[in-house]
Engineer: 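Have a look at this one.
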Amino acid sequence: MQYYLAKTDPDTYSIDDFERDGVTIWDGVHNYAALIAIKAWRIGDRVLIYHSQGETTIAGVAEVIGEPYKDPHDARGISWVAKLKFIKKFSPDSRVTLKDIKTSSLFADFALVKQGRLSTMSCPKTFIDWLHEQGVNC
DNA sequence: GCCAACGTTGGC
DNA sequence: GCCAACGTTGGC
């Protein structure tokens, strides 16, 4: 089971929207490097849902429940999408922030820090271990 | 194939 | 709301 991270602008689609929907098709990813991550998603993998606006935080967790497929609505045939199930959201005052991740200085090589505009990425195991140490139940 | 111009994203 | 970073596009 692999961990990934997916960014979303909470003004467009927040963890609360996701909680309400329960299941969603994760779409809107067009960037080549980000698509590599989506295409690698497999059923049972976990995806950390990250808010990329406002307080930049890890807001919750999702699970991949459908194999990725080409976005039928993308005229150019570039984008891929996959079905995600809402698992949990973290209470707003206990969320791990981008600042926390940066100040830990352990993850300077992590794409979240190094490649600011990448919208989906895989998470190194060291990062997940660190999250667990922070008390993040993911 | 290169690179300038342009558009978009994300962080603040 | 602004702007830096950087990915993408288009002209050559």
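Keep in mind that what you see is a predicted model, and the values were worked out from it rather than measured.
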Engineer: Could A:D129 and A:K125 be called an ion pair, given the rule that one side-chain N must be under 4.0 Å from one carboxylate O?
Structural biologist: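 Yes.
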Engineer: Taking atom P of B:dG10 as reference, at what distance in whole Å does atom CG of A:L118 sit?
Structural biologist: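 Computing the A:L118:CG to B:dG10:P distance gives 9 Å.
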Engineer: To the nearest Å, give me how far apart NZ (A:K114) and C1' (B:dT9) are.
Structural biologist: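 The answer, rounded to whole Å, is 20 Å.
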Engineer: Between A:T56 and A:S52, is there a donor-acceptor pair closer than 3.5 Å when you use the side chain of the first and the backbone of the second?
Structural biologist: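 No, because the side chain of A:T56 does not come within donor-acceptor range (under 3.5 Å) of the backbone of A:S52.
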Engineer: Tell me whether A:E55 is salt-bridged to A:R95, with the criterion being a basic N under 4.0 Å from an acidic carboxylate O.
Structural biologist: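 No, A:E55 and A:R95 are not salt-bridged.
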Engineer: For A:I78 and A:G116, find the nucleotide of DNA chain C closest to each by heavy atoms; which residue's nucleotide sits nearer the 5' end?
Structural biologist: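 Closest to the 5' end, via its nearest nucleotide, is A:G116.
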Engineer: CE of A:M121 versus P of C:dG7: gap in Å, rounded?
Structural biologist: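 The answer, rounded to whole Å, is 12 Å.
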Engineer: Does anything in residues 97-110 of chain A reach DNA chain B, meaning a heavy atom under 4.0 Å, and if so which residues?
Structural biologist: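 Going residue by residue through residues 97-110 of chain A, the ones with a heavy atom under 4.0 Å of DNA chain B turn out to be A:L98, A:K102.
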Engineer: From OH of A:Y50 over to C1' of B:dG10, roughly how many Å is that when rounded to an integer?
Structural biologist: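 My rounded result for the distance is 8 Å.
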Engineer: Of A:Q53 and A:Q115, whose closest DNA chain C nucleotide lies nearer the 5' terminus?
Structural biologist: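 Nearest-nucleotide comparison on DNA chain C picks A:Q53.
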Engineer: Using whole Å, what does the distance between atom C1' of nucleotide B:dG11 and atom CG of A:D11 come to?
Structural biologist: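 To the nearest whole Å, that distance equals 14 Å.
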Engineer: If you define the side chain from C-beta out and look only at heavy atoms, does anything of A:F90 sit under 4.5 Å from A:V136?
Structural biologist: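 Touching, per the 4.5 Å side-chain cut-off.
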Engineer: Inspect the contact between A:D17 and A:R20 and indicate whether a charged nitrogen and a carboxylate oxygen are less than 4.0 angstrom apart.
Structural biologist: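 Here A:R20 pairs with A:D17 in a salt bridge, since their nearest N and O are under 4.0 Å apart.
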Engineer: Parallel, tilted or perpendicular: which one describes the rings of A:F18 and A:Y13, with boundaries at 30° and 60°?
Structural biologist: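 Correct class here is tilted.
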Engineer: On the nucleotide C:dT9, are OP1 or OP2 found under 4.0 Å from the side-chain N or O atoms that A:R76 carries?
Structural biologist: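 Checking C:dT9 against A:R76, a side-chain N or O does come within under 4.0 Å of OP1 or OP2.
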Engineer: Fit a plane to each ring of A:F127 and A:F107, take the angle between them on a 0 to 90° scale, and name the class: parallel (under 30°), tilted (30 to 60°) or perpendicular (over 60°).
Structural biologist: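 The arrangement is perpendicular - the two ring planes meet at more than 60°.
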Engineer: Please report the C-alpha distance between A:D100 and A:T97 in whole Å, then the side-chain angles of each, then the deciding distance to 0.1 Å, and finally whether the side-chain hydrogen bond (donor to acceptor under 3.5 Å, both in side chains) criterion is met.
Structural biologist: CA-CA 5 Å; A:D100 294 334; A:T97 66; 3.2 Å; yes
Engineer: Please report the end-to-end axis angle for the helix from B:dG1-C:dC12 to B:dC12-C:dG1, five pairs per end, rounded to 10 degrees.
Structural biologist: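 Rounded to the nearest 10 degrees, the bend comes out at 10°.
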Engineer: Which residues in residues 29-41 of chain A have a heavy atom closer than 4.0 Å to any atom of DNA chain C?
Structural biologist: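 Only A:N31, A:Y32 qualify.
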Engineer: Can you say whether the rings of A:Y4 and A:W41 are parallel (under 30°), tilted (30 to 60°) or perpendicular (over 60°)?
Structural biologist: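 The rings of A:Y4 and A:W41 sit tilted, inter-plane angle from 30° to 60°.
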Engineer: Do A:L106 and A:W130 have side-chain heavy atoms sitting under 4.5 Å apart?
Structural biologist: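 They are in contact (side-chain heavy atoms under 4.5 Å apart), so the answer is yes.
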Engineer: B:dC12 P sits how many Å from A:D9 CG, rounded?
Structural biologist: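 For the pair A:D9 CG and B:dC12 P, the rounded distance is 15 Å.
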Engineer: Under 3.5 Å, is there a donor-acceptor pair between the A:H30 and A:S79 side chains?
Structural biologist: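 There is such a pair (donor and acceptor under 3.5 Å, judged by atom type) between the side chains of A:H30 and A:S79.
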